[in-house]
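We count residues from 1, following the sequence as given.
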Amino acid sequence: MTQVKVRFAPSPTGFLHIGGLRTALFNFLFARKNQGKFMLRIEDTDKAREVDGAVENIETTLKTFALRYDEGPVFQSQRLQIYQEHIQILIDKGAAYRCYCTNERIAELKKQAELLKQPFRYDKYCLKNPGQTGKSYVVRQNIPEEGITVFTDEVYGEIKVENRLLDDGVLMKTDGYPVYNFANVVDDHLMRITHVIRGEEFISSTPKHVLLYEAFGWNLPQFVHLPLLLDNKRQKLSKRSGDVAVNEYLEKGYLPEAILNFIAFLGWNPKNEQEIFSLEELIEAFDLKKINKAGAVFDVEKLNWFNAQYIQKIPITKLAELAGPHFGRDVSNYPKMFLQQIVQIEKERLTVLTEIGERTMYFFDNPEYETALLQWKQMTEEELKRSVQISQKLIEQVPLDAQKEQIQAAFFDSIGEKDKGSLLWPLRVALTGLKASPGPFEIIEAFFKLTDGKQILQKRLQTALEKLDQV
Ligand code: GLU
């Protein structure tokens with residue numbers, strides 16, 4: 001059996017988007033599942049549309065997601081000689097021809113087609129009138145005027161197109177650069193690609209590719225088109241509805257493992273209940289037969305769900321490291337134990353890492369709050385002050401290495417039968433300035449990881465006392 005070989009073939013016209021990453025992932029999974037090869041081919045023949053930094057972004061993104069390729073990157077712009085040779089073969093076979101028509105003539109033909117509300121199709125003028133000359137020419141594909149082109153797609157089944165509906169599109173431009181339709185076919189053949197796995201938007205170009213394979217006398221690869229990505233209104237996914245650079249998701253604090261797991265489900269599913277998959281498990285479960293035809297809905301809520309699941313799974317040391325850049329301030333001088341404790345406290349509530357900054361401000365800045373927030377039930381100012389003073393005393397007594405259980409025990413012992421809220425509410429507000437926050441004992445435990453933790457706590461309680469004095 002021939003060895004499976006697939007490729008991810010992005011054009012460097014922008015940073016890698018969710019759709020591109022899905023294509024890369026499915027190619028990778030298929031290669032690994034079948035002990036095949038996965039290559040990266042950069043389709044950079046449209047120099048005008050190339051974006052600075054795109055190639056680098058594609059490579060680093062694949063690396064971030066551990067989608068390792070066995071070959072490449074191969075750049076099409078470095079293979080122009082090969083395309084020149086192959087275009088000549090097609091011309092010699094009559095499957096392509098030089099076209100000297102001016103831009104003005106083509107524009108005129110397009111205008112006429114528009115007036116007739118018909119799709120533009122070149123009228124084969126230069127094929128029918130050989131001997132044209134001119135300064136420059138393009139090479140066009142000579143599509144048969146009759147007949148039907150048929151191919152079988154692994155996902156969409158048999159696809160048939162009448163040749164008369166296809167246009168004699170340009171294969172090679174005046175500057176000698178091939179266009180996508182041509183270079184793509186030549187490379188897939190020369191690079192022995194067995195399965196062409198790509199987005200559904202390329203299915204309409206595939207009949208032209210098939211005609212080129214036939215003209216060359218080459219075997220067809222297996223075509224596998226992946227369903228369109230839709231937004232939750234079932235419209236084509238747009239930039240606004242989430243089809244943005246993968247980078248942006250990483251910057252927002254989504255974890256690569258979560259993004260990948262989410263993306264695997266865009267058009268594929270294991271046909272069982274399992275949702276959380278590591279890359280290894282995805283390889284194991286992946287099967288082209290489980291790819292759906294129907295458009296895949298990109299649901300950000302689902303991505304959030306995956307992300308929250310992965311946040312729970314990551315060891316706290318690693319999670320604290322990943323959260324580091326998301327505190328919204330430089331936290332490099334804070335002890336690791338302090339940051340880990342904060343992350344530990346918040347992790348259950350996090351969907352994306354960026355939320356950590358906003359949720360934990362009170363650990364870094366003294367809180368500001370209305371004095372009235374200190375109020376618990378019907379307590380008088382005097383009672384409130386006494387409560388805060390008890391907290392001050394207890395914090396002084398508890399050893400710095402105490403864990404929250406021990407801190408809690410000390411506080412609960414002191415309070416006896418009284419309403420716990422009368423001690424804990426003013427304490428928590430004094431420390432956080434918030435109506436709702438994690439419990440005071442875990443917060444105190446975190447501050448204990450700072451050498452001046454007790455001083456900070458005392459200062460905040462002192463501020464509460466001063467506020468109560470001013471009532
Ligand atoms: N260069 C095309 C793209 O930008 C590749 C399509 C294909 O995989 O054949 O997506």
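- Listed for the Q274 side chain is no donor-acceptor partner under 3.5 Å among the backbone atoms of P270.
- Qualifying side chain to side chain contact (heavy atoms under 4.5 Å, CB included) partners for N247, counting only residues two or more places apart in sequence or in other chains: F15, N57, A245, L250, E251.
- One finds the CD1 atom of I42 at 4.5 Å from the CD1 atom of I58 (value rounded to the nearest 0.5 Å).
- Taking the centre of each ring, F202 and F223 stay at or above the 6.0 Å mark.
- When each of D187, D46, D44, N184 is paired with Q76, the side chain to side chain donor-acceptor pair (under 3.5 Å) condition holds for D187 and for no other.
- I311 has its side chain within reach of L353: a pair of non-hydrogen atoms, C-beta onward, lies under 4.5 Å apart.
- Enclosure of atom CZ in R329 by more than 12 non-hydrogen atoms of other residues, nucleotides or ligands within 6.0 angstrom is indicated.
- Here the options are K128, R140, R105, the test is salt bridge (charged side-chain N to carboxylate O under 4.0 Å, His left out), and the partner is D123; only R105 passes.
- Annotation for T432 and P367: closest pair O-CB, 3.3 Å, computed over non-hydrogen atoms.
- Summarising the local packing, CZ of R349 is surrounded by more than 12 heavy atoms from other residues, nucleotides or ligands at distances under 6.0 Å.
- Taking the charged nitrogens against the carboxylate oxygens, K5 and E71 do have a contact shorter than 4.0 Å, which makes a salt bridge.
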Going through the distances and angles, do S437 and R428 end up as a side chain to side chain donor-acceptor pair (under 3.5 Å)? CA-CA 8 Å; S437 76; R428 205 189 49 71; 2.7 Å; yes
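- Y334 has its ring centre less than 6.0 Å from the ring centre of F364.
- Using a 4.5 Å heavy-atom cutoff, the side chains of L230 and Q235 are not in contact.
- Ring pair F363/F447: centre-to-centre distance below 6.0 Å.
- More than 12 heavy atoms of other residues, nucleotides or ligands shown are found within 6.0 angstrom of CE on M191.
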Steps toward side chain to side chain donor-acceptor pair (under 3.5 Å) verdict (Q88, D92): CA-CA 6 Å; Q88 192 55 49; D92 292 345; 3.0 Å; yes
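- A cation-pi arrangement is present between K313 and Y310, with the terminal nitrogen or guanidinium carbon under 6.0 Å from the aromatic centre and inside a 45° cone about the axis.
- Relative orientation of the Y249 and F298 rings is tilted, given thresholds of 30° and 60° on the angle between their planes.
- Of the possible polar contacts, none joining the S241 side chain to the L237 backbone as a donor-acceptor pair under 3.5 Å is found.
- Between T360 and E346 there is a side-chain heavy-atom pair separated by less than 4.5 Å.
- For the atom pair CD1 (I159) and CD1 (I203), the distance works out to 3.5 Å, reported to the nearest 0.5 Å.
- Checked by atom type and distance alone, the side chain of R164 never pairs as donor or acceptor with a backbone atom of E145 at under 3.5 Å.
- Partner D168 forms a salt bridge (charged side-chain N to carboxylate O under 4.0 Å, His left out) with one of R121, R98, K124 and no other, that one being K124.
- Below 30°, between 30° and 60°, or above 60°: for F265 and F277 the angle between ring planes is between 30° and 60°, a tilted geometry.
- In terms of modelled atom types and a separation under 3.5 Å, the side chain of E445 and the main chain of K404 share a donor-acceptor contact.
- The CG atom of L228 lies 14.0 Å from the NZ atom of K293; values are rounded to the nearest 0.5 Å.
- The backbone N or O of D188 sits nowhere less than 3.5 Å from a side-chain atom of R192 that would complete a donor-acceptor pair.
- The nearest pair of heavy atoms linking L450 to P335 is CD2-CD, 3.5 Å.
- With contacts defined as side-chain heavy-atom distances shorter than 4.5 Å, the pair R460/N366 qualifies.
- Counting only heavy atoms from C-beta outward, the side chains of F28 and L279 approach each other to under 4.5 Å.
- Residues meeting the side chain to side chain contact (heavy atoms under 4.5 Å, CB included) test with I82, sequence neighbours left out: R79, H86, V186, L190.
- More than 12 heavy atoms of other shown residues, nucleotides or ligands fall within 6.0 angstrom of atom OH in Y369.
- By the 4.5 Å heavy-atom criterion applied to side chains, P227 and I291 are counted as neighbours.
- Of the N and O atoms on the side chains of E355 and T351, at least one donor lies less than 3.5 Å from an acceptor on the other residue.
- Using a 4.0 Å cut-off between a side-chain N of Lys or Arg and a carboxylate O of Asp or Glu, D175 and K47 do not qualify as a salt bridge.
- Looking at residues two or more places apart in sequence or on another chain, you find no side-chain hydrogen bond (donor to acceptor under 3.5 Å, both in side chains) involving Q112.
- Across all their heavy atoms, R198 and H225 have their closest contact at NE-NE2, 3.0 Å.
- The minimum heavy-atom distance between N181 and V185, with the atom names listed, is O-CG2, 3.3 Å.
- A cation-pi arrangement, defined by a distance under 6.0 Å to the six-membered ring centre and an angle within 45 degrees of its axis, is present between K302 and F306.
- Here the two rings, on H195 and F26, have centers that are 6.0 Å apart or farther.
- When each of F151, Y180, F182 is paired with H209, the side chain to side chain contact (heavy atoms under 4.5 Å, CB included) condition holds for Y180 and for no other.
- No side-chain donor from either of R7 and N27 sits under 3.5 Å from a side-chain acceptor of the other.
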Could you check K347 against I316 for side-chain contact (heavy atoms from CB on, under 4.5 Å), going step by step and ending with a plain yes or no? CA-CA 9 Å; K347 86 174 193 184; I316 200 68; 4.1 Å; yes
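- A donor atom on one side chain and an acceptor atom on the other are not found under 3.5 Å apart for T64 and T61.
- Using a 4.0 Å cut-off between charged side-chain N and carboxylate O, E284 and K33 make no salt bridge.
- Both tests hold for K110 against F120: distance to the six-membered ring centre under 6.0 Å, angle to the ring axis within 45°.
- A heavy-atom distance below 4.5 Å is found between the side chains of L16 and F8.
- The nearest pair of heavy atoms linking F38 to L67 is CE2-O, 4.1 Å.
- Salt bridge present: D70 and R32 bring a charged side-chain N and a carboxylate O closer than 4.0 Å.
- A donor-acceptor pair under 3.5 Å links the side-chain atoms of N142 to the main chain of G94, judged by distance alone.
- Nearest heavy-atom pair across L434 and V429 is O-CG2, 4.0 Å.
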Could you go step by step and tell me if N163 and T149 meet the side chain to side chain donor-acceptor pair (under 3.5 Å) rule? CA-CA 6 Å; N163 293 337; T149 299; 2.5 Å; yes
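- Of the inter-residue distances, the one linking E200 atom CD with L229 atom CG reads 10.0 Å to the nearest 0.5 angstrom.
- At distances below 3.5 Å, at least one donor-acceptor pair connects side-chain atoms of Q132 with backbone N or O atoms of N129.
- Between Y83 and M172 the shortest side-chain heavy-atom distance falls below 4.5 Å.
- For the pair D231 and R234, the salt-bridge criterion is not met [side-chain N within less than 4.0 Å of a carboxylate O].
- Under the 3.5 Å distance criterion, the side-chain polar atoms of N34 are left unmatched by any main-chain donor or acceptor of G36.
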